[in-house]
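Hydrogens, waters and symmetry mates are skipped; everything else that's a heavy atom, side chains included, is used. In what follows, chains carry the letters A, B, and so on, assigned in the order in which the sequence lines appear, proteins first and then strands, with residues in each chain numbered from 1.
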Amino acid sequence: MTLIDANSKSSSSTQKPKDGSSSSSKPKDHHSSKSNTASKHREHSSSSSSKHKDGSKSSSHKDSNSKNKDAKKSSSSHKNENDRPNNAGEVKVKSESVSPTKLVIKTEDGRKSIKKETEDSDDDIPLAQRTNVTVKVEEDSDSSPTKKRPHRDVDSEDDEPLFARAQKAKKQKTSSTTSVKKEHSDKKRKTGPDDDEPLKKIKKEVKPDKKTAKKTDGSPKKRVKKEKVEEEVWKWWEEKPLPEGVKWMSLSHKGPVFAPEYERLPKSVKFYYDGKHVQLEEAAEEVAGFYAKMLEHDYTSKEIFNKNFFRDWRKEMTHDEKALITDLSKCDFREIGAYYKMKSEERKNMTKAEKEEIKKQNQALTDEYGFCIIDGHKQKIGNFRIEPPGLFRGRGDHPKQGMLKKRIQPETVIINCSKDVETPKPPEGHRWKQVLHDNKVTWLCSWTENIQGAIKYIMLNANSRLKGEKDWQKYEMARQLKTVVEKIRANYREDWRSKEMRIRQRAVAMYFIDKLALRAGNEKEEGETADTVGCCSLRVEHIKLYPELNGKEFVAEFDFLGKDSIRYLNQVPVEKRVYKNLQLFMDNKSPGDDVFDRLNTSILNKHLQELMEGLTAKVFRTFNASKTLQDQLNELTNPDDSVTAKILSYNRANRAVAVLCNHQRAIPKTFDKQMLNMQEKIKKKNDTIKDAKKDYKKLKGEYKSSRDDRLKSALERKKKQLERLEEQLMKLEVQATDKEENKDIALGTSKLNYLDPRISVAWCKKWEVPLEKIYNRTQREKFQWAIDMADETYEF
DNA sequence: CAAACGACTTAGAACGCCGCAT
DNA sequence: ATGCGGCGTTCTAAGTCGTTTG
């Protein structure tokens, strides 16, 4: 009755096998020939990783790091006038409306921010605050005397939005180019104000209650719901920025929600060891349960997983248990596994009412713990539940997979909130590890996880100001790169010929990061994580050089595991200089050696920083992704197309980006079947159309001879029907194409993290495609700032 | 300096729900 | 009513990058 069967599940690993039969529209430049195969990767390398980071790299310069750190952070350009909310130049009353709060300042930073505050000097209420007064003001307008430097109270600060202000700050530090830009924005500010209807509000979309929408006879209850409607949205993007480094002025929340306590198994559910029933004590039983729940998962067929699990499980056992249970393969978890399966079935089969009840309770929990009040605004928290205990599911060949992820106790949780606010209460009989009032960070709670010793956080949802502002800033940085990228390219091309090895390596790495959108590639601690690499950490074994391949000269083939152990496989024709350099870098090295032995991400980013303030490796990914989308949209969108066809074009453009960034997904298991089904449907539709056509002709003939009015209307109806059918057919065909092209590519990640949403918003407006076809509700919430500020003329 | 730490973004998988075809 | 596929949501691992520490 052994359970542990190391062979039962064959293969299947994290990375998606993939066949490169690539799809249509690819961006010309990138990835002309990417194709992934299902072969086992990385069988080599195991022993060879003798990293030779030789001493030479240490000698490199480090000169300029003590630069103007002040300037660097928040600054970002804002040259495009269209996208900037225009709310300046109005007379404003000093705001009392936003909660005056206490600022907790670490001394030197505090000086910094205060200084900044006093530099600026018009004294304005941000538009958004006024428009929003209704929402929060009353409860927050406490005029309580503030003890410590509440920034809202500080006179000064103009109300330029984030980027304009950053620009200004930059300008004050001079540099002619920026001052030009500044004039720009000033002009805009002076000319613009009247056309900006100041009280315009964004209505929050109310969660569409599908049932209500459909059923005409909505129950009274539902109607009430429907009428409630329209909350206002905080237009934080029109607000003045906080002092540099300050993330909030006031923050209050209820703390995290802990995982439910463990419930013992019923006595009837038994665990067997070596065929004999063994009653486990609570601790060991719980951990056994974690494993039992995963019996059908691939993980349990992996040796490392089992080894790690068993080691950690034994740590939870009593003395006796430990003495008895010494061999995992003699453990029989099946009853436990079946029990949990049954439980989840039970949950699925609950009645409507029961489900409703659970939902209600869940909602109540979310209402209470799912939000915080930050600077007077209620904002959603992203993850307010503390991660429950379980077995660690590392990806790829993770050396720690299967280890026990321990239950988090309040005693290990740090709370962060403002001082003047009620501290969240720890669960009965417990206390927090610490309560912090650090407004230089964005997190509400944190704890240290036991597998890697990493810190985990509770932070805000993507639609929050804190996240949105950063996101906006990210895209502005990418746009700024756009303005200098040609210079940078010329620069690194020049450096390919440098006498210094480290410069040449840096230049080649930059070329890859730029052309292939590779990640930076930090070093990782060996044995702590799966063996994956990025640009700077590429090893000789990851690159193959072909003087000629498939009719192309100087081809470099990349084959490595990147983030999440997703395989990157690409054959790229590269410039001769790059090729020669690569040969040189790889010469006389073993497979496990670093290609770029004189380079790491820190050196690289320092260099990038010198080329453009704020530039880092990842900016190239954002830039190239957004640029690709913009270019592809321009190229693929056909003005005469129907909305459906336009959306297909959009998806193709999106797909080009996903390919560039190597965003993969597992091909759905039932993909082939589904595809067949679709073909079937299309065939049927075609048949119906044929029939309809026949009918139509017949009718036409009859009408011509008889001139009967009744026939005439029948004829018209037939015609309409035919048109409908053809449209349906087209839709089906579009769907099928889309599906096929999309089978192994994940669009979501790029859409969410790499594509400047203003591009999509502008595109939708320009071509009158409903935005809902591109962004679902959550995405629209996340990109509210972009939706509000971009018009159809926006260009990345 | 380099290693460790901390905070934050990016990532695919898992989960859960809902509507549709059968 | 049932099962299934698609989709949105949640989850948390795995990156990046700056700062701190030794």
For this session: Using only side-chain N and O atoms of A/K474, determine if any of them is under 4.0 Å from OP1 or OP2 of B/dT10.
Result: yes

Problem set entry | Pairs flagged by salt bridge (charged side-chain N to carboxylate O under 4.0 Å, His left out) wherever residues 447-460 of chain A is involved - sequence neighbours left out | A/E387-A/K456

Problem set entry | Polar side-chain atom of A/N522 near backbone of A/C536 as donor-acceptor pair, under 3.5 Å | no

Exercise. For residues A/Q473 and A/D471, is any side-chain donor paired with an opposing acceptor at under 3.5 Å?
Worked result: no

Problem set entry | Among A/T532, A/V533, A/I566, A/D531, the one residue meeting side chain to side chain contact (heavy atoms under 4.5 Å, CB included) with A/F560 | A/V533

Exercise. Within the structure shown, what part of the strands sits under 4.0 Å from A/K405 by heavy-atom distance: base, sugar-phosphate, or nothing?
Worked result: sugar-phosphate

For this session: Report which part of the nucleic acid A/T442 touches: base, sugar-phosphate, or nothing (heavy-atom distance under 4.0 Å, all strands).
Result: sugar-phosphate

For this session: Would you please confirm or rule out a distance under 4.0 Å between OP1 or OP2 of C/dA13 and any side-chain N or O of A/K456?
Result: yes

Problem set entry | Any N/O donor-acceptor pair, A/R395 side-chain to B/dG12 base, under 3.5 Å | yes

Exercise. At under 4.0 Å between heavy atoms, what does A/Y457 touch on the DNA or RNA strands: base, sugar-phosphate, or nothing?
Worked result: base

Seminar exercise, completed: The residue, A/P388 or A/V533, whose nearest nucleotide of DNA chain C is more 5′ is A/P388

Problem set entry | Spacing of A/I358 atom CD1 relative to B/dC17 atom C1', expressed in whole Å | 14 Å

Exercise. For the pair made of CD in A/Q473 and P in C/dC17, what is the distance, rounded to whole Å?
Worked result: 15 Å

For this session: Classify the nucleic acid contact of A/K563 as base, sugar-phosphate or nothing, counting any heavy atom under 4.0 Å across all strands shown.
Result: base

For this session: Using whole Å, report how far CZ of A/F560 lies from P of C/dG15.
Result: 11 Å

For this session: For C/dG15, take OP1 and OP2 only and decide whether either is under 4.0 Å from a side-chain N or O of A/T532.
Result: yes

For this session: Please determine, for the side chain of A/R393, which listed nucleotide (B/dA7, B/dT10, B/dA14) has the closest atom?
Result: B/dA14

For this session: Tell me whether the OP1 or OP2 atom of B/dC18 has a side-chain N or O from A/K359 closer than 4.0 Å.
Result: yes

Exercise. A/T601 near the nucleic acid: base, sugar-phosphate alone, or nothing, with a heavy-atom cut-off under 4.0 Å?
Worked result: nothing

Problem set entry | Minimum-distance nucleotide to A/D564 side chain [options: C/dG18, C/dA14, B/dC8] | C/dA14

For this session: Please determine if a side-chain N or O atom of A/K524 lies less than 4.0 Å away from the OP1 or OP2 oxygen of C/dA14.
Result: no

For this session: Ignoring backbone atoms, establish whether A/N605 has a side-chain N or O less than 4.0 Å from OP1 or OP2 of C/dC17.
Result: yes

Exercise. Between the main-chain N or O of A/A478 and the side-chain N or O of A/K627, is there a donor-acceptor pair closer than 3.5 Å?
Worked result: no

Exercise. Which residue, A/C535 or A/Q779, contacts DNA chain C at a nucleotide closer to its 5' end, judged by nearest heavy atom?
Worked result: A/Q779

For this session: Looking at every strand, decide which applies to A/A617 at a 4.0 Å heavy-atom threshold: base, sugar-phosphate, or nothing.
Result: sugar-phosphate

For this session: Remember a base hit wins even if backbone is also touched, and classify A/R621 as base, sugar-phosphate or nothing at under 4.0 Å, heavy atoms.
Result: sugar-phosphate

Exercise. Would a distance-only check, ignoring hydrogens and angles, find a side-chain to backbone donor-acceptor pair under 3.5 Å from A/K751 to A/I774?
Worked result: yes

Problem set entry | Side-chain N or O of A/H398 closer than 4.0 Å to phosphate OP1/OP2 of C/dA13 | no

For this session: Would you indicate what A/K400 reaches in the nucleic acid, counting non-hydrogen atoms under 4.0 angstrom: base, sugar-phosphate, or nothing?
Result: nothing

For this session: Compute both the distance and the angle, then confirm whether A/K400 meets the cation-pi test with A/F392: under 6.0 Å from the six-membered ring centre, within 45 degrees of the axis.
Result: no

Exercise. Residues in side chain to side chain contact (heavy atoms under 4.5 Å, CB included) with A/M350, at least two apart?
Worked result: A/R347, A/E354, A/K355, A/I358

Problem set entry | Separation of B/dC5 C1' from A/K440 NZ (nearest whole Å) | 19 Å

For this session: Enumerate the residues from residues 443-455 of chain A whose closest heavy atom to DNA chain B is under 4.0 Å, giving them by residue number; use none for an empty result.
Result: A/W443, A/I455

Problem set entry | Gap separating the CD1 atom of A/I745 from the NE2 atom of A/H663, nearest 0.5 angstrom | 11.5 Å

Problem set entry | Closest nucleotide among C/dC17, C/dG8, C/dG15 to the A/N776 side chain | C/dG8

Exercise. Under 4.0 Å: is that the gap between some side-chain N or O of A/H297 and OP1 or OP2 of B/dA14?
Worked result: yes

Problem set entry | Length of the line joining A/N742:CG and C/dG5:P, which is rounded to integer Å | 18 Å

Exercise. Among the nucleotides B/dG12, C/dG15, C/dC11, which one has an atom lying closest to any side-chain atom of A/T749?
Worked result: B/dG12

Exercise. Quick one: on DNA chain B, does A/K355 or A/K467 contact a more 5' nucleotide (nearest heavy atom)?
Worked result: A/K467

Problem set entry | Rounded distance in Å - CE (A/M350) to P (C/dA1) | 19 Å

For this session: Check the distance between B/dC8's P and A/N753's CG and give it to me in whole angstrom.
Result: 17 Å

Exercise. Of the nucleotides B/dA11, C/dC17, C/dG15, which has the atom closest to the A/Y754 side chain?
Worked result: B/dA11

Exercise. Could you give the NZ-to-P distance, from A/K380 to C/dC11, as a whole number of Å?
Worked result: 12 Å

For this session: Record whether the side chain of A/K470 comes under 3.5 Å of the base of B/dT9 through a donor-acceptor pair of N or O atoms.
Result: no

Exercise. Looking across every strand, which nucleic acid part, if any, lies under 4.0 Å from A/G534 by heavy atom: base, sugar-phosphate, or nothing?
Worked result: nothing

For this session: Taking only the side-chain heavy atoms of A/K618 (C-beta and beyond), determine which of C/dG18, B/dT9, C/dA13 contains the nearest atom.
Result: B/dT9

For this session: Please check the phosphate of C/dC17 (OP1 and OP2 only) for any side-chain N or O of A/T616 closer than 4.0 Å.
Result: yes

Exercise. Is A/N654 reaching over with its side chain to a backbone N or O of A/Y650, donor-acceptor style, under 3.5 angstrom?
Worked result: no

For this session: Would you mind checking if A/R777 and A/E781 are paired as a salt bridge, meaning a charged N to carboxylate O distance below 4.0 Å?
Result: yes

Problem set entry | OP1 or OP2 of C/dG15 under 4.0 Å from side-chain N/O of A/N522 | no

